[in-house]
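First up is the structure itself, then whatever we jot down about it.
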Protein chains: 2
Amino acid sequence: MSDTSKRGWLIPIGGAEERSTDALILRRFMELCGGRDARILVIPTASELAETGPNYVSLFEEMGARSRYIPIDEREDCFAEEIVSTLERASGIFLTGGNQLRLSTILGGTPVARSIRDRFAKGVHVAGTSAGAAIVCEHMIAGGPTGPTPTENGVTMAPGLGLTNKAIVDQHFRQRDRLGRLLTALSYNPFATGLGIDEDTAAFISPRGTLEVVGSGAITVVDPSGLQHSSMHDASDQDPISLIGLTLHILTAGDHFNLETRQAQAITLN
Amino acid sequence: MSDTSKRGWLIPIGGAEERSTDALILRRFMELCGGRDARILVIPTASELAETGPNYVSLFEEMGARSRYIPIDEREDCFAEEIVSTLERASGIFLTGGNQLRLSTILGGTPVARSIRDRFAKGVHVAGTSAGAAIVCEHMIAGGPTGPTPTENGVTMAPGLGLTNKAIVDQHFRQRDRLGRLLTALSYNPFATGLGIDEDTAAFISPRGTLEVVGSGAITVVDPSGLQHSSMHDASDQDPISLIGLTLHILTAGDHFNLETRQAQAITLN
């Protein structure tokens with residue numbers, strides 16, 4: 001493994017982050033990227049709305065940072081030298097919401113995807129909201145039915161950007177009832193930790209793998225490392241599956257979870 | 001990245017490898033593992049047939065190697081010290097066929113999965129046939145419909161053992177008409193190379209990432225690095241998708257493909 005302590009921070013956000021009053025999550029990301037010296041590059045590719053990129057740029061500029069967005073609508077845009085060199089000057093990268101399969105199918109295997117991985121490894125911070133949160137993982141949840149029960153076909157997975165292999169992220173978590181599809185993803189190979197991130201909530205993951213919750217909702221952490229039994233391999237199409245021995249933490253603002261040791265810690269109020 | 005030149009060889013086999021006359025693929029694997037000094041550990045977990053493990057042990061012993069199998073039927077078996085220490089004495093690891101989701105759900109996140117990854121990184125060779133071939137990848141094809149056309153929902157993916165991130169393997173390739181699901185998997189994130197491996201055919205992948213075809217069938221190599229357009233992100237449920245600019249190679253015994261440079265080379269007959 002490379003020296004992970006040189007990485008940037010990784011900040012998956014559960015979508016619908018508050019933007020009109022204190023914009024707590026976006027502001028903290030901007031401070032991390034250098035505050036008034038920050039250069040935040042917005043990648044609005046997941047969205048098909050023309051205003052998504054300009055809107056985030058305005059937000060970050062109102063906070064005092066420098067910001068621009070790069071318009072990437074087709075794979076060929078990802079081979080333009082100008083876009084890659086813009087990426088190389090950023091101190092922070094922000095992936096908007098939309099459709100995560102749009103992101104992975106357009107960026108995957110291109111110089112832009114390689115540059116994001118490279119910049120992240122060298123200390124540039126990467127935040128993503130909604131679809132942008134899903135894709136930061138090596139193993140991305142691309143879709144699936146709603147509901148709390150894991151089922152044999154209960155999730156669609158695809159390769160993501162690969163910025164972490166320690167966590168599988170789902171988003172809009174409480175609002176869209178997605179526990180079942182997160183559990184299904186974990187049951188396929190119970191090695192990663194599942195992070196179900198509510199709207200207006202973010203996991204600020206440090207270079208060493210310690211996560212802090214920021215925002216108004218909760219993060220549902222599912223740790224399958226103690227899983228004793230799973231019926232996944234015997235289940236037929238759409239069957240609910242049994243999973244015995246999962247560890248569950250519900251974490252709110254200020255709480256921590258270490259993705260290496262899998263230890264949770266509640267905030268201590270003095 | 002770690003120094004990949006110290007890795008073992010990785011040998012995904014397309015299933016139904018010939019075992020009764022010259023057993024070409026299995027013999028070459030056994031020679032690579034040390035010939036008469038080989039210690040080949042068979043992991044029959046994918047299969048639910050009691051004879052699968054003993055049958056492979058007999059085959060390898062008839063060739064002159066030492067061999068044993070480890071019975072792993074439940075996750076708790078993967079925490080037994082004896083099983084992990086047996087793994088640590090092997091010069092080669094062989095994963096049988098069966099159901100790859102059975103393998104990933106039972107081994108995933110346990111000391112056995114970690115030990116296989118660790119041993120492979122230190123030079124132990126890993127071969128897998130059928131389900132055992134699918135799971136060696138970071139991104140594993142777990143299932144999907146048959147047919148040549150990629151469709152929006154045309155594959156089920158899950159995290160595999162993670163011994164390579166350069167290739168996505170499908171097996172029984174020609175025999176079960178699986179081009180469509182391999183293309184669907186690649187379209188989700190066009191960064192890896194697709195390897196569709198026929199029965200009785202193997203990809204012998206060197207530590208530096210050069211693949212040689214061994215056996216009686218072909219390997220269908222799909223390289224998406226030049227992909228210009230994909231309609232995946234606009235497709236609806238079950239829609240066929242368009243993919244423009246894929247590179248395709250059909251390789252047979254003796255041909256090579258370099259997974260790093262993506263160059264194919266046909267065998268030269270002198």
Side-chain angles (χ1 to χ4, degrees), chain A residues 1-2 45-46 48 74-76 79 98-110 113-114 135 138-140 142-143 152-153 155-162 165 168 184-193 223-235 237 241 243-245, chain B residues 1-2 45-46 48 74-76 79 98-110 113-114 135 138-140 142-143 152-153 155-162 165 168 184-193 223-235 237 241 243-245:
Chain A
M1 288 296 289
S2 54
T45 308
E48 295 189 77
E74 273 287 353
R75 289 181 65 79
E76 62 184 18
F79 292 83
N99 174 354
Q100 56 265 50
L101 269 178
R102 202 175 136 80
L103 266 178
S104 65
T105 59
I106 294 177
L107 267 51
T110 72
R114 281 193 291 278
I135 202 180
E138 178 74 47
H139 298 282
M140 171 176 94
E152 191 262 351
N153 261 328
V155 72
T156 300
M157 303 199 73
L161 272 178
N165 202 0
I168 293 179
T184 306
L186 294 174
S187 77
Y188 282 169
N189 187 330
F191 80 99
T193 298
D223 169 11
S225 61
L227 187 66
Q228 293 144 25
H229 172 78
S230 156
S231 70
M232 172 54 74
H233 50 81
D234 295 322
D237 195 37
I241 59 164
L243 296 168
I244 295 174
Chain B
M1 289 294 289
S2 53
T45 307
E48 295 190 76
E74 274 286 353
R75 288 181 64 79
E76 64 184 16
F79 293 84
N99 174 355
Q100 55 266 49
L101 269 178
R102 201 176 137 82
L103 266 177
S104 65
T105 59
I106 294 177
L107 266 52
T110 71
R114 280 192 292 278
I135 202 180
E138 178 74 46
H139 297 282
M140 172 176 93
E152 191 261 351
N153 260 327
V155 72
T156 301
M157 303 200 72
L161 271 178
N165 202 1
I168 293 179
T184 307
L186 294 175
S187 76
Y188 283 170
N189 187 330
F191 80 99
T193 298
D223 170 12
S225 62
L227 187 66
Q228 294 144 25
H229 172 78
S230 156
S231 70
M232 172 55 76
H233 49 81
D234 295 321
D237 194 37
I241 58 164
L243 296 168
I244 295 173

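In what follows, chains carry the letters A, B, and so on, assigned in the order in which the sequence lines appear, proteins first and then strands, with residues in each chain numbered from 1.
With respect to chain A, the highest number of heavy-atom pairs below 4.5 Å among B:E76, B:M232, B:H139 belongs to B:H139. Most heavy-atom pairs under 4.5 Å with chain B: of the set A:N99, A:L227, A:T156, A:L101, this distinction falls to A:L227. Counting heavy-atom pairs closer than 4.5 Å to chain A, the top-ranked of the candidates B:F191, B:Y188, B:F79 is B:Y188.
For a residue to count as touching a neighbouring chain, one of its non-hydrogen atoms must lie under 4.5 Å from one of that chain's; by this rule B:E48 touches chain A with the side chain only.
Distance alone, capped at 3.5 Å, is enough to place a donor-acceptor pair between the A:R114 side chain and the A:G109 backbone. No side-chain donor-acceptor contact under 3.5 Å links A:R102 to the backbone of B:D234.
For the atom pair CD (A:E74) and OG1 (A:T105), the distance works out to 9.0 Å, reported to the nearest 0.5 Å.
Of the options B:V155, B:L243, B:N153, a side chain to side chain contact (heavy atoms under 4.5 Å, CB included) to B:T184 is made by B:V155 and by none of the others.
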